Protein chains: 2
Amino acid sequence: MSRRTGVPTLEDVARAAGVSRATASRVVNGDERVQDATREAVLAAIRELGYSPNLAARSLVTRRTDTIAVVVPESDERVFNDPFFAGTLRGVTKALALTELQMVLLIGSPGDGDGRLDRYIRGRHTDGAIIVSHHANDNLWRSVAEVSLPTVFLGRPFAEHPGLTFVDVDNVAAAALATGYLVDSGRKRIGTVAGPADMSAGADRLQGWHNVLTEHGLPADAVERGDFTVAGGGDAMTRLLARHPDLDAVFVASDLMASGAMDAIRASGRAIPTDIAVVGMDNLELATRTQPPLTTVVNPVDEMATQAVAMLLAQLEGGPILEPVTMPTELVVRESA
Amino acid sequence: MSRRTGVPTLEDVARAAGVSRATASRVVNGDERVQDATREAVLAAIRELGYSPNLAARSLVTRRTDTIAVVVPESDERVFNDPFFAGTLRGVTKALALTELQMVLLIGSPGDGDGRLDRYIRGRHTDGAIIVSHHANDNLWRSVAEVSLPTVFLGRPFAEHPGLTFVDVDNVAAAALATGYLVDSGRKRIGTVAGPADMSAGADRLQGWHNVLTEHGLPADAVERGDFTVAGGGDAMTRLLARHPDLDAVFVASDLMASGAMDAIRASGRAIPTDIAVVGMDNLELATRTQPPLTTVVNPVDEMATQAVAMLLAQLEGGPILEPVTMPTELVVRESA
DNA sequence: CTGAAAGCGCTAACAT
DNA sequence: ATGTTAGCGCTTTCAG
């Protein structure tokens, strides 16, 4: 016995079962061509010794790590305060639980730019990646392309690029749906609290709002940007009201921002929806608990995550890069509009 | 050139720099005793080739994985809906960002009991573990002990065991603080919505509530259990009111449950705090947004997480297992009590 | 169906 | 200061 550490190796298992390492390995990996009796012996040895494969050794030879990275180029603050990310992570976790893959969560720390994430990707330390909240100036898309790491974006990456695939909702259509509802209910002066200009969700939702207003010959000049946080939404709404006191409705590009915006509206002495109607987007649980409950557009994060994982798995199994997928969206009418 | 894959190895770097693999390795690992000129050459080769160490190969020889597991034996649903876990993960992420360690998130999936988590721990696939929400019938504590995996519990594990360390708040004291406040403000008939009996936080908070009431000669019989969710808190409160319609106050063992409990109280036609005073625990952001804002006891998850990571790092660096740490707590008075 | 042997990429003695 | 060498534990040809 040359076991210095307490951790049994495949060699130990093989010896205990009276077979070669190769056969033991076959049993561990479910290879069919092992005699039943032999298999039993090995299995018994494994149980007895409490053997568990050394993943590093395995991955050194298989050239797979059996992990996938979930990359979120946002601060830990954002990620863990925004239910949108929670939903995304929940979806990914759930989908991954059915596989042998382990999830490695990579969150952008404000400290070092995106250098850490980039290095991790370029190092090919995982078999694939799901990249969640992509900004225009992230070069993550370039990195995954250069090292050809199987990747699916959750939310359309700002820079489209052949070979990059993603799953998203049609954010232009979603915003149009929300804005159209406001128009149809007779609102004439409709502003928007938009998302960041460097994210496709920010840009597209603004576009959808703009399209509908111009189609109807209504002014599309009341725009302020928020950063997808409650506070950011509140600040943006305050600025919006200062510049356009005649607003009678607003489309806010996320429920979290809408929550802040509603506080700002109330603080200005206006009533919701009587003075100002509010429509959000995401349909977080939060939307049912605002005062009044928030009319919003569904952002099916769970389904999107599941879809993204499925597309990634297909690639990992050697399939082609699948076409981008767009998920359907719907309006949920509550009391804020 | 024998490079079949596109991924450069240390060997490639060494060759390009005209040195041996050993020297290249020294540069990569920041070994001092390398001539500046040599170092420069190696660094240049690394940049040129876009070299990144193969972690599997490294960990095979160093016997370290440079990862730590964050184990949460709860369903993904719970984990990603409960801001308590979000706070914990935020704290751990933040603390880990300052190190070279990568976090592996292990979440209990309802499917396979805790077998998956257990196997992962016993396989020693990480250098250490932080175990977050521990239940009485989890045998995780036994597993980490048996394979002597450096571990810190976040929240006192139900089974105390020499060699197990943890960081927690004094939940008995916290509950006593909340209940004492209710007593001091003249309430006479104080119930509680307690947490699960199989978790130390559930048991201890119930104990603290019980202690104060008996000390003051008040009845301590109005108890219903919830599962630390909004819905669970609501249901428990409904049962509590049915059995004890004379209640004039309630200590609810978590803010999430308190939120549900407040809905149930209102639904019963009672006013908060006039008819029933409510005190929660955790001091989530949510507590500021309930109607009325919730009086609660601070659960300093961020600091606890930081502390837990620090204690784990100390162990990983070869230090002794540190004594359990108890964090201080305080009452935040808002309008619900 | 099973075993022998090669080697994945790296670090860490041990030489020099 | 640098090179040589011996594995780390595993999978995978290749023989038999």
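Both backbone and side-chain heavy atoms feed into the values below; hydrogens, waters and symmetry mates do not. Letters A, B, ... mirror the listed sequences (proteins, then strands); counts begin at 1. Computed from a prediction, not measured in an experiment: that's the story for all the values here.
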Quiz prompt | Pairwise 5' ranking along DNA chain C for A/E32 and B/V61, keeping only the more 5' one | solution =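 On the 5' side of the pair lies A/E32.
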
Take atom [atom1] of [X] and atom [atom2] of [N], then tell me their distance rounded to the nearest Å.
X      : N      : atom1 : atom2 : answer
B/E40  : D/dT2  : CD    : P     : 12 Å
B/R124 : D/dG9  : CZ    : P     : 13 Å
A/R58  : C/dG9  : CZ    : C1'   : 18 Å
A/E11  : D/dC10 : CD    : C1'   : 11 Å
A/N54  : C/dC10 : CG    : P     : 16 Å
B/R64  : D/dC8  : CZ    : P     : 18 Å
A/L55  : D/dG9  : CG    : P     : 14 Å
B/L10  : D/dT5  : CG    : P     : 17 Å

[X], nearest nucleotide to its side chain (from [options]):
X     : options               : answer
A/T23 : C/dG3, D/dC10, C/dT11 : C/dG3
B/R21 : C/dC8, D/dT11, D/dA6  : D/dA6
B/Q35 : C/dG3, D/dC10, D/dT2  : D/dT2
A/A57 : D/dG9, C/dG9, D/dT4   : D/dG9
B/V34 : C/dG3, D/dG3, D/dT2   : D/dT2
B/A22 : D/dG3, D/dT12, D/dG9  : D/dG3

Does a side-chain N or O from [X] land closer than 4.0 Å to OP1 or OP2 of [N], or not?
X     : N      : result
B/S25 : C/dT11 : yes
A/T38 : C/dC1  : no
B/R39 : D/dA1  : no

Quiz item: Can a donor-acceptor pair under 3.5 Å be found between the side-chain atoms of A/R26 and the base atoms of C/dG3?
Solution: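 When only heavy-atom distances are counted, A/R26 does reach the base of C/dG3 through a donor-acceptor pair under 3.5 Å.
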
Quiz prompt | Output field: ring centroids A/H134/A/F158 closer than 6.0 Å | solution =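 Between A/H134 and A/F158, the centre distance exceeds or equals 6.0 Å.
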
Quiz prompt | Least distance between heavy atoms, A/V34 atom then A/R39 atom | solution =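 Heavy atoms only, the tightest pair is O-NH2, 3.1 Å.
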
Exercise. Compare every heavy atom of B/L149 with every heavy atom of B/A129, then report the nearest pair and how far apart it is.
Key: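 Result for this residue pair: CB-CD2, 3.8 Å.
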
Exercise. Decide yes or no for B/F166 and B/V325: does some side-chain heavy atom of the first lie under 4.5 Å from some side-chain heavy atom of the second?
Key: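 The answer is no, as the side chains (C-beta and beyond) never meet within the 4.5 Å cut-off.
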
Quiz item: Can you tell which of B/V144, B/T151, B/I321, B/I131 makes a side chain to side chain contact (heavy atoms under 4.5 Å, CB included) with B/L164?
Solution: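 Among B/V144, B/T151, B/I321, B/I131, the one meeting side chain to side chain contact (heavy atoms under 4.5 Å, CB included) with B/L164 is B/V144.
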
Quiz item: With sugar-phosphate meaning primed atoms plus P, OP1 and OP2, does B/V28 contact a base, only sugar-phosphate, or nothing at under 4.0 Å between heavy atoms?
Solution: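 If one applies the 4.0 Å heavy-atom cut-off, B/V28 turns out to touch nothing in the nucleic acid.
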
